[in-house]
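Ligands are counted one by one from 1 in listed order, and the atoms in each one are counted from 1 as well.
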Amino acid sequence: MFSGLLSTTVLCLVTSSFALVTRSTPEVGEKFGLYAYGDSLGGVPLFYADGKAFVGDSSNSTSSSIYNVTFERTSASSSSPWLANPNGTTAADTNWSEKMLYIPSSSASSDQIGFISNAGDNEITTGFVFYGQSVMVETAPGDYSTSFYVRPSSQGEGIYSLLWNVTGDDTIISISLRSVEPSNA
Ligand SMILES: *[C@@H]1O[C@H](CO)[C@@H](O)[C@H](O)[C@H]1NC(C)=O
Ligand SMILES: *[C@@H]1O[C@H](CO)[C@@H](O)[C@H](O)[C@H]1NC(C)=O
Ligand SMILES: *[C@@H]1O[C@H](CO)[C@@H](O)[C@H](O)[C@H]1NC(C)=O
Ligand SMILES: *[C@@H]1O[C@H](CO)[C@@H](O)[C@H](O)[C@H]1NC(C)=O
Ligand SMILES: *[C@@H]1O[C@H](CO)[C@@H](O)[C@H](O)[C@H]1NC(C)=O
């Protein structure tokens, strides 16, 4: 009886500290995934395909170069890029490393969010911050935006392109990008 009570208590402690860890902002240096939450999208994982960011089941993607990715912050400052790495240990997973997440600048011809090693004028790799576990972008000092969208992609069933600051498109879905893994995953 006593030992039964004790193990129940221990179990509760373990469960609650696990919940605490998974519900807080990822630490600097901690690896995390990103997931899209929105209308009919209950935490769909973000993945890499041919240098671009998509959400969906990566195993349904018809792109040629597909990687599940984790992100890492090198500092808590919004001026530090977020680094992506393939989430795996196979030979192909070492083909690239530490690509920066970028959003297109307002003068870019595309709305597509992606990954890049050397950013040009149209790829903004800084400004990413967490508000709790939600991603925001500091677009000017003190100005935060969450203009994340997805659009159904032709690159596979249930695959969406991840976009920034889109207007005038009926096929887009507004999403929030969060580090929270869906509970049914
Ligand atoms: C990375 O891979 C591990 C092991 O397969 C898995 O548990 C984890 O959920 C993955 N993370 C992401 C963000 O895909
Ligand atoms: C990527 O993650 C999905 C789950 O989101 C999993 O089904 C798939 O096997 C993973 N692919 C690789 C190459 O690890
Ligand atoms: C990654 O590397 C593997 C093994 O070296 C190679 O077979 C594969 O074609 C490469 N994939 C890409 C997308 O470059
Ligand atoms: C969104 O796009 C508009 C029009 O191009 C631009 O004026 C604005 O600065 C952009 N906003 C963000 C947050 O990128
Ligand atoms: C992946 O594709 C299969 C059919 O090929 C489909 O049944 C499944 O729903 C797709 N997954 C997602 C997450 O849309």
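Ring centers of Y149 and W164: at least 6.0 Å apart, outside the cut-off.
Rounded to the nearest 0.5 Å, atoms CD1 (I159) and OG (S59) are 8.0 Å apart.
Shown here are the ring pair (Phe, Tyr, Trp, His ring centres under 6.0 Å) partners of W82, two or more places apart in sequence or in another chain: F32, F128, F130. With sequence neighbours excluded, the residues that form a side-chain hydrogen bond (donor to acceptor under 3.5 Å, both in side chains) with S145 are S147.
Remark: D169 CG is packed, more than 12 non-hydrogen atoms of other residues, nucleotides or ligands lying under 6.0 Å away.
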Residues 37-48, side-chain donor-acceptor partners within the protein, below 3.5 Å, at least two apart:
{"unit_1": "Y37", "atom_1": "OH", "unit_2": "V180", "atom_2": "O", "d": "2.5"}
{"unit_1": "Y48", "atom_1": "OH", "unit_2": "K99", "atom_2": "NZ", "d": "3.0"}

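In this structure, ligand 1 sits under 4.0 Å from heavy atoms belonging to G33, Y35, V69, T70, N87.
Taking distance alone, with nitrogen or oxygen atoms compared against 3.5 Å, D57 stays at or beyond that limit from ligand 5.
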